Amino acid sequence: MGERGFIVGSQLHTSLQQALLGWYYQHKRNLPWRGETEAYRILLSEVLLQQTRVEQAIPYYHRFLAVFPSLAALAQAELEAVLRVWQGAGYYARARHLHRLAQTVSELPSTYSALLELPGLGPYTAAAVASIAFGEPVAAVDGNVRRMLSRWMAWEAPSPKQLQAKADELLAPEAPGDWNQAMMELGATVCLPQTPRCERCPVAWFCRGKAEPGRYPTPKKRVQTPVEAVALVWVGPDGLYLERREGRLLGGLWGVPVEEGAGALERLLQRLGLERAERVGTVQHAFTHRKLRVQVYRVPGNGLGDAGNRPLSRLDRKILELAQADLLPCG
DNA sequence: AAGCCGGGGCC
DNA sequence: GGCCCAGGCTT
């Protein structure tokens, strides 16, 4: 490409950068981690924000820092204590990875490539931390940026490599952290998935896809498989019976015994050495890929049990709430 | 490349 | 009920 083409392209980007950065400085939300300089806090916010809306992440950010104010404090903690703070936030591998990270390094590395090696950090989070905490000019491509770039360029199904290249090309190198946050802020508040507010967009002139925003990118289909399960609530001589869940689903958290499929109740009773149980109701709970219907049973003669301070998932809280509400006189 | 992994708010 | 969120890991 000739010099003329380079200059034209460069000026185009500068106009885009000025328009978006100007909009960002005027309209950005006041979030707890904005203005923070400590890399640990930036990292925590970015991990909490993985597949999680800002409003949902904020209380966890404060709770987490109150208990684990530094990387060193996190490293000394038990995993169960970390999960206790994380309970209810979902995607618990994030908490396990963060804990392992703290035990792996005593200080956060300052480059994208080194951050990418840490557990729980992929291309997005490594780029976000590198740019926001350390000023490295690397584009953070999240769902917002993917959607906006697809609309801007009228791309229906861009590849991750294509998106990263375009994002890096557009990035404002003198303010990479602000630029990345400006991109995501626009996506989260203006360039919305369903009903984009193009009339409020500072860079609508740059957008080739604004006539058909729903077309870029092509929506992906999700399948939720219905699953039938049975849960058993038992308050035995040692209190409420809980098991520590292993595996990937809710791994590390505690919960009441659950079995899926045919003969679930019989397997539960046999496993716990119990004679019989009575049905108290149904709990429905949706995961990303499953839609769970849980028949909740309890052992007759049950007293009230509590989970102590063990970390539980929302599913188990629902089950316990149903079983124990049923034990109360007035429901 | 495709599946798996939570929970919640919005339509 | 579907959609999708400041994604990453595993297979």
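What you are looking at is a predicted structure, and each value in this text was computed from that prediction instead of being measured. By convention in this document, chain letters (A, B, ...) are assigned in the order of the sequence lines, proteins followed by strands, and residues within each chain are numbered from 1.
- Computed from coordinates, the A:L43 CG to C:dA6 C1' distance equals 13 Å when rounded to whole Å.
- Taking only side-chain nitrogens and oxygens, A:R314 comes nearer than 4.0 Å to OP1 or OP2 of B:dG8.
- Of the candidates A:E46, A:Q50, A:R146, A:Y124 forms a side chain to side chain donor-acceptor pair (under 3.5 Å) with just one, namely A:E46.
- A:R94 places its CZ atom 12 Å from the P atom of C:dA6, with the value rounded to the nearest Å.
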* **Criterion side-chain hydrogen bond (donor to acceptor under 3.5 Å, both in side chains) on A:S313 and A:R245, from CA distance to verdict** => CA-CA 10 Å; A:S313 70; A:R245 300 201 189 289; 5.0 Å; no
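- The phosphate of B:dG7 has OP1 or OP2 within less than 4.0 Å of a side-chain N or O from A:Y92.
- In this structure, A:L48 places its CG atom 11 Å from C1' of C:dA6, rounding to the nearest Å.
- Figure legend: A:R310 and A:W254 shown as a cation-pi pair, the cationic atom lying under 6.0 angstrom from the six-membered ring centre and within 45 degrees of its axis.
- Rounded to whole Å, the separation between the C1' atoms of B:dA1 and C:dC5 comes to 22 Å.
- Atom CD of A:E46 and atom C1' of C:dG7 are 11 Å apart (whole Å).
- Both A:K291 and A:G187 lie close to DNA chain C; mapped to their nearest nucleotides by heavy-atom distance, the more 5′-ward contact belongs to A:K291.
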* To do: Show the numbers, then the answer: is there a salt bridge (charged side-chain N to carboxylate O under 4.0 Å, His left out) between A:E259 and A:R271?
  => CA-CA 10 Å; A:E259 291 276 345; A:R271 183 146 69 82; 3.1 Å; yes
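- One finds no side-chain N or O of A:R53 lying less than 4.0 angstrom from the OP1 or OP2 phosphate oxygen of B:dG7.
- For the pair A:Y60 OH and C:dA6 C1', the interatomic distance rounds to 17 Å; values are reported in whole Å.
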